[in-house]
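Below is one structure; the comments refer to it alone.
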Number of protein chains: 2
Amino acid sequence: MRPMSLPVGLPALADSDLVGQIARILMQAIVQGRLPPGSKVVEAGVARELGVSRAPVREAARLLEKQGLLVASPRRGFFVRKLEIRNIDEIYDLRLCIERHAGVLAARNLTPQSREVLRRQIDVLHKTADLDDPARQVEEDYRFHRLIFEIADNRRLLRLFDDLAAELRMVIGLIGRLYDDPHEIARTHEPLLAAIEAGHPERITAHVDYHIGHAWREVGKLVRELTPPGGNSIASPSGILIPTNGVTV
Amino acid sequence: MRPMSLPVGLPALADSDLVGQIARILMQAIVQGRLPPGSKVVEAGVARELGVSRAPVREAARLLEKQGLLVASPRRGFFVRKLEIRNIDEIYDLRLCIERHAGVLAARNLTPQSREVLRRQIDVLHKTADLDDPARQVEEDYRFHRLIFEIADNRRLLRLFDDLAAELRMVIGLIGRLYDDPHEIARTHEPLLAAIEAGHPERITAHVDYHIGHAWREVGKLVRELTPPGGNSIASPSGILIPTNGVTV
DNA sequence: CAAGATTAAAGTGTCGACAATCGACGATTA
DNA sequence: TAATCGTCGATTGTCGACACTTTAATCTTG
């Protein structure tokens, strides 16, 4: 028998993907608030609770670290990232930056097909708005924006968006409620799509600025409400390696 | 009197950072071409050769994966990332995107002090140009751009730049020669700084576009020269795996 | 002789264990 | 009393081992 060529509609091999499962479980626990920001994630504890060894737990933690949900402190362990206002601002600032870029690229690559896909996703947004399911609404919102990145056709950029989205999902999850009226959210996507269809870079960036900036302000407001004044975070190390054993600066 | 703990000139505790050391060693091997793109990195082999166990090697590999030098394929191991033209283009495209943004932010935050730091780094670039030390030249070049990101004062953005720089360093290392005249490189930084000092977003982005775009084209040209026509990649970098001909040298 | 089946080797995923290290608590001292 | 130093428990860093999967080599068989 042939090795059976690639199953294209990937059925999610999640059966034997232990670290993936653990990562998902941890992520759930974080966004559901069972692991509050700043709390320590003890490898052995998680391992015992899940009936596995520490190795996969460790790898899962590293995965979540890459996504920004955890921060690692050498010899101290993993901690759930605290959401400072500063982090929120930095994330949204970066998102603004890449979303502008993606918008312009998407406009350049836009085909009738991809245009139709975007339009349909806006319909989905409108439909979802009636469901009173905030999590679903947020998810569909991200899906729209992700489509723009897919059309932009830069995998590196798409990966970055996914990372940012994971962090923002944590933020949203912790806030616990939607940051705006769902119908309003759905509506604000339309001028953005229109700008992309028109293909004028300035209009695109302007609309992205408006759209993302709005979410930024709303989320910032809510986070500021929820954050106790003495909130302090654990610094992310950002230890990046430089080849020629040069100093990191 | 305050306790005054921290000794100011702290000498980097990195002594017992085993995974960091291993990561550096592997990175060296990669950029020096001893581990050619596409080759397999066998955990046990590296571990035996370095006299350590597989665990820290694994972690080091994950670190390098995060930086994009390795790609992981479940149950198959780590491979040195192949540099396709497409990857180069995507990386430079993203770099262009964030470097514009950082430039504008830096201009907004610019102080006489930070301005002076940038100016001094350009001097360093000129001095280094005489040394005939390509690696050093590249390093000082990155340092200049990194300074811009530091001044921009968005840690998330800075981290992203470091990641991209690590990938680009690999590219440069593999190309083996500098992509341009060192003096020319030093000179082209001056109008960029001038634009930042002037603080006009349009001028900044224009100069960034010119500056980065130049490097982009040069690197692209060299990579295209060096790449055999049948170059194929092993996996897309985001954890989603696309099995292809797993050439292991 | 080539294509498929079979077997052997190599290598990753996971495990449990041990030593080194960190943080907290309490004893000691000025 | 307050600060410093040691001690102890908890937790990470690292190790070697084993099972299962993948890859390579060998053997059938038409």
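Letters A, B, ... are given to chains in the order of the sequence lines, protein chains preceding strands, and every chain is numbered from 1. Please read all numbers here as calculations on a predicted model, not as lab measurements.
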TODO: Give a yes/no answer on whether the side chain of A:Lys40 brings an N or O atom under 4.0 Å of OP1 or OP2 in C:dG23.
DONE: no
- [ ] Mind checking B:Val57 for me? I need base, sugar-phosphate or nothing, with any heavy atom below 4.0 Å counting as a touch.
- [x] nothing
- [ ] Could you tell me the separation between the CZ atom of B:Arg54 and the P atom of C:dT14, rounded to a whole number of Å?
- [x] 11 Å
TODO: Would you mind reading off the distance between A:Arg62 atom CZ and D:dG13 atom C1', rounded to a whole angstrom?
DONE: 11 Å
TODO: Answer with base, sugar-phosphate or nothing: what part of the nucleic acid does B:Val46 contact at a heavy-atom distance below 4.0 Å?
DONE: nothing
Open item on the list: Output the rounded distance in Å from CD (A:Gln21) to P (C:dG13).
Closed with: 15 Å
Task: Between A:Arg155 and B:Asn87: side-chain donor-acceptor atoms closer than 3.5 Å - done: yes
Open item on the list: Counting only side-chain nitrogens and oxygens, does A:Ser53 get under 4.0 Å of the OP1 or OP2 atom of C:dT14?
Closed with: no
Task: Pairing residues for B:Asp141 by the side chain to side chain donor-acceptor pair (under 3.5 Å) criterion, not counting sequence neighbours - done: B:His145, B:His189
Open item on the list: Quick check on C:dG23: is either OP1 or OP2 less than 4.0 Å from any side-chain nitrogen or oxygen of A:Arg75?
Closed with: no
- [ ] Apply salt bridge (charged side-chain N to carboxylate O under 4.0 Å, His left out) to B:Glu225 and B:Lys221, showing your working.
- [x] CA-CA 6 Å; B:Glu225 278 178 24; B:Lys221 201 161 59 186; over 6 Å; no
Task: Nucleotide of D:dT14, D:dG13, C:dT14 approaching B:Arg58 most closely (side-chain heavy atoms) - done: C:dT14
Open item on the list: Rounded to whole Å, how long is the line connecting atom CD of B:Glu43 with atom P of C:dT14?
Closed with: 11 Å
Task: Length of the CG-C1' vector between B:Asp17 and C:dC22, whole Å - done: 16 Å
TODO: Using a strict 4.0 Å threshold on nitrogen-to-oxygen distance, state whether B:Arg143 and B:Glu139 make a salt bridge.
DONE: no
Task: Distance, rounded to the nearest Å, where A:Arg76 contributes CZ and D:dT12 contributes P - done: 11 Å
- [ ] Specify the separation, in whole Å, of atom CZ of B:Arg48 and atom P of D:dA17.
- [x] 14 Å
Open item on the list: Among residues at least two apart in sequence or on other chains, which ones pass side chain to side chain donor-acceptor pair (under 3.5 Å) with A:Asp93?
Closed with: B:His101, B:Asn154
Task: Spacing of A:Ile22 atom CD1 relative to C:dT14 atom P, expressed in whole Å - done: 8 Å
